[in-house]
Amino acid sequence: MSTWAVLVAAGRGERLGEDRPKAFVRLGGLPLLAEPLRRLDESDWIESVVVVVPPEWEEPAILLAEELGASKVSACVTGGVSRTDSVRAGVAEVADDAAVILVHDAARPILPEAVLARLLAALGEGFDGAIPGLPIVDTVKRVRAGLVQETVSRDELMRVQTPQAFVAPVFRDALTRLSVESTQTATDCAALVEAAGGLIKVVEGDERLLKVTTRADLDRVAGWL
Ligand code: C5P
């Protein structure tokens, strides 16, 4: 199976309060983007990588890939306003004959190889897509204007992460069929394939796939490098 990775790094990451996009904030002496990029590049499961960055950060991304010797990087392209826009820009660079498209958030720098293996095994079983998920341990409530509306049963709820892997033609078809407007608020790619009627398998996620949002997250991830 030829698997292409789309590494989305085009978010602004304003909650970190830095003067640069989140993907270029320092983590262990290098831009945060370096860690997921190196891991994808070194993975035996991945054939090629497309990196999606904010406008004017294409050149630094190319230089970073060169510095890392990340030879699988086939393109560094400009992302869009929404995450889905950025995914679309990346998928447009994926080779027509790719069998699997794997989308990963650069904001989740630690990417355990075992998760990739679980995702691709699920696709081998015939699912349209596979995503990592973890159970929710806290009690979940629906809240409006600070007032509890109801307590939601957490039995069937999971928090899901990236990377997310999809059968390439199924994923492309979902992106083509769904209107750009209807996908603007999607927070992950599985939602797009779900909306197009695809069957998504959840495999075991990993706590280290933490999405860096705050300075405390960055410190935590730095401790795992
Ligand atoms: O904003 P959020 O935390 O959901 O972003 C998840 C991932 O999607 C991040 O890696 C971010 O860089 C990426 N993203 C993007 N283009 C956007 C918004 C987010 O590539 N317009």
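Throughout, residue positions are numbered sequentially from 1 according to the sequence presented. Numbering of ligands and ligand atoms starts at 1, following listing order. Just so you know, these numbers come straight off a predicted model, no measurement behind them. Excluded from the calculations below are hydrogen atoms, water molecules and symmetry mates; all remaining heavy atoms, backbone and side chain alike, are included.
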task = Work out whether the distance between some heavy atom of S82 and some atom of ligand 1 is less than 4.0 Å.
result = yes
inquiry  = Whether the Q184 and D85 side chains hold a donor-acceptor pair (N or O, under 3.5 Å, no angle test) is what I'd like checked.
reply    = yes
inquiry  = Suppose we measure from atom 5 (O) of ligand 1 to each protein heavy atom; which comes out shortest, and what is that distance?
reply    = K211 NZ, 4.5 Å
remark   = Per-atom filter on ligand 1: closer than 4.0 angstrom to a heavy atom of V81 are 21 (N)
ask   = S43 versus E113: any side-chain heavy-atom pair under 4.5 Å?
value = yes
key: Pair R39 + E42: basic N to acidic O under 4.0 Å   = no
remark   = closest protein heavy atom to atom 7 (C) of ligand 1 is D105 OD1, 3.2 Å
query = Going by distance alone, is a donor N or O of one side chain under 3.5 Å from an acceptor N or O of the other, for T151 and K141?
reply = yes
query = Just how far is it from atom CZ of F166 to atom SG of C189, taken to the nearest 0.5 Å?
reply = 5.0 Å
note = Closest to atom 21 (N) of ligand 1 (heavy atoms only, candidates A10, G80, P36) is G80
task = Report the nearest protein non-hydrogen atom to atom 16 (N) of ligand 1: residue, atom name, distance rounded to 0.1 Å.
result = S86 OG, 2.6 Å
query = What residue and heavy atom of the protein are closest to atom 13 (C) of ligand 1, and at what distance?
reply = V8 O, 3.8 Å
remark   = Checking V212, L218, D217 against T214 for side chain to side chain contact (heavy atoms under 4.5 Å, CB included), the one that qualifies is D217
request  = Out of R15, Q184, R108, H104, indicate the one that has the non-hydrogen atom closest to atom 1 (O) of ligand 1.
outcome  = R15
request  = Show the numbers, then the answer: is there a side-chain contact (heavy atoms from CB on, under 4.5 Å) between D188 and T162?
outcome  = CA-CA 8 Å; D188 78 346; T162 76; 5.6 Å; no
inquiry  = If hydrophobic clusters are built by linking Ile, Leu, Val, Met, Phe, Trp and Tyr wherever their side-chain heavy atoms come under 4.5 Å apart, do L64 and L40 end up in the same one?
reply    = yes
remark   = So the atoms of ligand 1 within less than 4.0 Å of a heavy atom of A107 turn out to be 9 (C), 10 (O)
key: For ligand 1, the portion of V87 having any non-hydrogen atom under 4.0 Å away   = neither
key: Whether G79 lies under 4.0 Å from ligand 1, heavy atom   = no
task = Report yes if T187 has an N/O atom closer than 3.5 Å to an N/O atom of ligand 1; otherwise report no.
result = no
Step-by-step side-chain contact (heavy atoms from CB on, under 4.5 Å) determination, R20 to L32 = CA-CA 11 Å; R20 59 189 62 206; L32 182 148; over 6 Å; no
note = the protein heavy atom lying closest to atom 14 (N) of ligand 1 turns out to be G11 N, 3.5 Å
ask   = Looking at ligand 1, does any of its N/O atoms fall within less than 3.5 Å of an N/O of V52?
value = no
